[in-house]
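Below, chains carry the letters A, B, ... as their sequence lines are ordered, and counting in each starts from 1.
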Amino acid sequence: MQKLLLLGDEALAQGAIDAGMSGIYAYPGTPSTEIMEYVQRSKVAAERNIHRQWSANEKTATEAALGMSYAGKRSMAAMKHVGLNVAADVFMNSAVTGVNGGMIVAVADDPSMHSSQNEQDSRYYGRFAMIPILEPSNQQEAYDMAYEGFELSEKYGLPVLIRITTRLSHSRSGVTTSPLKDQNKISYPADPIQFVLLPSNAKKRYQTLLVKQKANRDASAESKFNIYYDGDDKSLGIIACGIAYNYLMENFPEGKCPHPILKIGHYPMPFEKVKRFYESCEKILVLEEGYPMVEELLRGYLNKENKVSGRLNGVIPRSGELNPNIVATGLGKANGESFQIPDIVANRPPQLCAGCSHKDIYDALNETMKEFGEDQRVFSDIGCYTLGALPPFNSIHTCVDMGASITMAKGAADAGVRPSVAVIGDSTFTHSGMTALLDCVYENTPITVIISDNSTTAMTGGQTSEASGKLEEICTGLGVKPEHVRLLTPLPKYHDEMVKVLAEEMNYDGVSVVIPRRECIQTLSRSKKKQKMKEVTT
Amino acid sequence: MKSDIILAGVGGQGILSIAATIGMAAIENNLNLKQAEVHGMSQRGGAVQSHLRISDKEIASDLIPLGKADLIISVEPMESLRYVSYLSEEGWLVTNITPFINIPDYPETGELMNEIETFLHHIAINADEIARSVKSPRSSNMVMLGAASPFLDIPYDSLESGIKKIFGRKGEKIVQLNIEALKAGREFALEHKQATSPQKTPG
Ligand SMILES: Cc1ncc(C[n+]2csc(CCOP(=O)(O)OP(=O)(O)O)c2C)c(N)n1
């Protein structure tokens with residue numbers, strides 16, 4: 001037993017390592033990135049040769065994790081909430097195939113959209129797939145749930161979803177570890193067609209999944225993560241899911257809430273417990289991060305009894321993460337006076353770094369687009385370069401989901417837009433831009449794709465990018481004509497040349513790819529520092 | 001005992017090493033700790049903050065409630081004001097006065113200082129200059145931590161040993177420079193705190 005100071009993400013990773021995990025697969029994404037990064041830094045993970053490399057995207061990550069589970073070993077796939085959209089196909093079907101070695105899908109949701117396009121609630125995916133969901137309220141539970149999640153997964157033969165949210169992902173606290181377990185040995189599923197989802201077998205597997213639902217509910221009824229705390233004042237009962245429990249208890253500094261509390265950390269919810277709770281309290285307040293999922297279930301469509309409060313009736317705001325003050329208001333408690341923030345405090349949004357290569361390509365792009373007339377639009381994607389949508393650049397006009405820049409530009413080109421231009425990052429391109437480019441090649445769509453190549457996954461902290469050094473070959477391999485794959489060096493001194501090349505390719509009636517390549521200045525300065533340290537110490 | 005601290009700055013200014021040092025010191029004193037950090041998008045030159053909570057009792061929330069922070073430590077003057085709604089009536093605002101200007105509508109220095117001075121419990125310190133004066137120009141962070149140290153419920157020596165643990169890997173010289181910076185910040189604060197005057201009232 002060891003006491004460690006860990007982020008929620010790190011606690012999850014440590015729990016998985018200690019539980020005998022043999023491999024983790026992930027694509028970076030805030031707030032989930034630190035799960036993989038922790039395993040990559042872990043000495044024990046290195047000694048045990050735990051697989052710990054990034055994957056091209058969340059779908060490939062989850063499939064690889066399922067493959068490791070097929071081989072009998074314990075595996076984890078980690079991603080941010082929107083990553084689960086990308087992995088949804090394998091995720092849904094892995095519930096139908098079931099697993100062999102224990103498998104955890106760890107998903108970090110980002111309510112309030114600190115670093116995301118939306119605040120979707122992954123618990124719905126867990127319900128959709130009909131698998132157990134664990135939701136920790138603190139770092140220790142994050143550890144314990146990963147540690148015990150594999151056993152749960154193996155016992156019921158289902159993948160287990162662990163859902164964590166931003167504040168816990170990125171908050172540090174003390175965690176006590178459990179004994180290190182051995183890894184599983186290789187073993188195949190006993191039934192050789194378990195994973196063959198041909199309709200004839202899929203129907204059987206789906207029935208198996210439906211039958212398992214009772215066991216899932218029984219497991220949750222017995223779960224130590226669903227706890228009832230009695231309270232004398234039954235005029236109100238509070239259901240607190242995951243981290244919401246902490247915000248609730250913050251409002252009772254003595255550690256004693258007068259109302260009964262049902263703390264939920266394991267879904268499907270324990271039916272009998274919830275029923276008894278519901279019946280024994282006059283009113284119910286539901287506190288949950290994300291969407292009002294539990295609240296909606298309790299109310300029912302018609303909300304006949306009208307005794308449940310939460311996000312749906314405005315007692316808690318409909319969107320955004322919770323905090324102690326929101327919960328206080330929901331409890332009808334007064335929040336004390338607080339100092340006013342002076343008006344002179346200006347917004348300070350994130351921005352591209354000084355010396356960033358994306359800046360130079362946007363300067364050139366803006367000038368090129370002007371040549372084609374007023375009100376030109378450019379399709380783009382997700383990464384540091386998305387900041388080009390803001391002043392002073394205002395260069396790009398879309399950011400929807402990873403890879404969408406190329407395919408949206410294709411659709412616009414098909415609609416007759418000329419020039420139709422996409423800006424995408426190198427990591428986003430390999431995440432899900434390559435198939436989009438193939439669609440364009442297939443029809444020779446007149447489109448210019450700018451892959452702004454800083455040779456890293458910068459937005460999430462500089463992870464390796466799978467295409468580094470291979471982008472041209474990938475593009476020509478997909479069928480883009482070599483003479484229309486153009487390499488540029490994005491620096492102010494090459495501005496005129498960049499404008500010239502961009503204009504040439506935009507005037508070309510077919511697929512062209514322009515690759516401005518210069519290393520991210522953050523990763524560059526980090527590797528220079530490392531180099532210096534080496535020189536000093538050797 | 002408890003200390004609820006908001007750390008503030010601009011992404012890239014390194015508020016997390018202040019948090020890590022206090023964290024080490026808290027552990028040395030067997031205190032409970034929760035520290036919510038900001039990772040991701042806003043680290044790109046945007047406003048960043050961290051909630052650091054230390055207590056000898058169990059800590060419930062990872063986030064500090066409004067009006068409950070004992071201390072704001074900011075490595076940038078405008079950023080110190082962004083979080084004053086968290087400050088308690090008796091709390092202290094400890095801020096660097098060297099501005100980090102990366103936006104077009106950054107306020108006038110004079111106006112900024114006027115606002116900071118309305119908080120009677122404040123320490124405004126030129127941490128960059130003090131760091132240079134002790135020949136440790138990259139340790140303005142530790143100057144800020146030193147300036148905040150009189151208001152922390154943690155023995156000062158534990159902060160020094162925290163620095164040793166955190167910077168130890170980088171060699172004795174770096175450790176010493178950071179400790180010098182810490183000391184200089186602390187001296188400044190001890191000279192400049194007039195703790196007796198009542199704080200302005202929130203509202
Ligand atoms: C499906 C999905 N996965 C992950 C993310 C998180 N994410 C946003 S941008 C980004 C990296 C982009 O890297 P790159 O395209 O190379 O651009 P850079 O940031 O380096 O400019 C990631 C991983 C996301 N928004 N959506």
Side-chain angles (χ1 to χ4, degrees), chain A residues 3 5 7-8 30-31 33-34 110 114-116 138-139 166-174 243 245-253 255 323-325 327-328 335-342 344-354 384 387 391-392 458-461 522 533 536-537, chain B residues 10-12 19-20 23-24 27 32-47 51-52 57-68 78-79 81-89 91 100 102-108 111-112 114-115 118-119 170-171 200-203:
Chain A
K3 181 123 184 175
L5 188 59
L7 295 176
T30 316
T33 312
E34 296 78 5
D110 189 19
H114 297 281
S115 304
S116 303
N138 58 33
Q139 293 77 357
T166 308
R167 291 299 171 181
L168 183 52
S169 285
H170 290 164
S171 175
R172 214 175 278 283
S173 193
I243 198 174
Y245 178 75
N246 302 351
Y247 300 140
L248 173 64
M249 295 317 289
E250 184 67 28
N251 283 284
F252 302 99
N323 63 39
N325 297 98
V327 171
N335 282 302
E337 297 278 339
S338 54
F339 291 114
Q340 292 284 322
I341 300 165
I344 58 166
V345 175
N347 270 341
R348 195 186 309 253
Q351 45 188 276
L352 292 171
C353 308
C384 282
L387 295 168
M459 179 89 272
T460 44
Q522 295 284 347
M533 285 278 280
V536 174
T537 48
Chain B
V10 179
M24 280 293 175
I27 289 175
N32 292 313
L33 170 131
K34 280 199 175 177
Q35 186 211 333
E37 304 173 355
V38 170
H39 294 201
M41 190 97 182
S42 48
Q43 283 178 302
R44 299 269 160 279
H51 291 219
L52 180 56
K57 301 204 181 62
E58 214 177 302
I59 303 165
S61 166
D62 299 81
L63 297 174
I64 300 168
L66 292 171
K68 292 283 160 63
M78 184 177 81
E79 294 309 319
L81 294 170
R82 193 182 300 283
Y83 307 102
V84 291
S85 54
Y86 285 97
L87 195 62
S88 78
E89 211 170 321
F100 187 99
N102 64 349
I103 47 170
D105 50 346
Y106 194 91
E108 294 271 323
E111 277 182 75
L112 209 51
N114 285 344
E115 286 290 352
T118 63
F119 292 85
K170 299 186 176 170
K200 78 171 181 177
T201 45

Q: Measure distances from Ile27(B) to the heavy atoms of chain A and classify the residue's part below 4.5 Å as side chain, backbone, both or neither.
A: side chain

Q: Sort Pro31(A) into side chain, backbone, both or neither according to what part of it lies under 4.5 angstrom from a heavy atom of chain B.
A: neither

Q: Kindly compute the distance separating CG (Leu81(B)) from CD (Gln340(A)), expressed to the nearest 0.5 Å.
A: 13.0 Å

Q | Passing candidate, side-chain hydrogen bond (donor to acceptor under 3.5 Å, both in side chains) with Glu37(B), options Arg172(A), His170(A), Arg167(A) | A | Arg172(A)

Q | Ser171(A) to Asp62(B) - nearest heavy-atom pair and separation | A | OG-OD2, 2.5 Å

Q: Quick one: which of Gly67(B), Pro104(B), Ala36(B), Gly12(B) has the most heavy-atom pairs under 4.5 Å with chain A, could you say?
A: Ala36(B)

Q | Backbone N/O of Leu66(B) and side chain of Asn325(A): donor-acceptor pair under 3.5 Å | A | yes

Q: Answer whether the closest heavy-atom distance between the side chains of Glu108(B) and Ile344(A) falls below 4.5 Å.
A: no

(Q) To check you understand the geometry: which heavy-atom pair defines the closest contact between Arg348(A) and Asn102(B), and what is its length? (A) NH1-OD1, 2.9 Å

(Q) Which heavy atom of Ser173(A) sits nearest to which heavy atom of Leu33(B), and what is that distance? (A) OG-O, 2.8 Å

Q.
Looking at chain A, which one of His51(B), Lys68(B), Glu79(B), Lys57(B) has the largest number of heavy-atom pairs inside 4.5 Å, strictly under?
A. Glu79(B)

Q: For the pair Ser85(B) (side chain) and Phe339(A) (backbone), establish whether a donor and an acceptor sit closer than 3.5 Å, ignoring hydrogens and angles.
A: no

Q) Hey, are the side chains of Gln139(A) and Lys34(B) touching, using non-hydrogen atoms and a 4.5 Å cut-off? A) yes

Q: Give, for atom CG of Asn251(A) and atom OG of Ser61(B), the distance between the pair rounded to the nearest 0.5 Å.
A: 9.0 Å

Q: Work out which heavy atom in Val84(B) is nearest to a heavy atom in Ile341(A); give both atom names and the distance.
A: CG2-CA, 3.9 Å

Q: Find out whether Ile103(B) and Asn347(A) are in side-chain contact, i.e. whether some heavy atom of one side chain is under 4.5 Å from a heavy atom of the other.
A: no

Q | Leu352(A), part contacting chain B, at a heavy-atom distance under 4.5 Å | A | neither

Q: Select one option (side chain, backbone, both, neither) describing which atoms of Leu7(A) are under 4.5 Å from chain B's heavy atoms.
A: side chain

Q. Any side-chain heavy atom of Glu115(B) within less than 4.5 Å of one from Val345(A)?
A. no

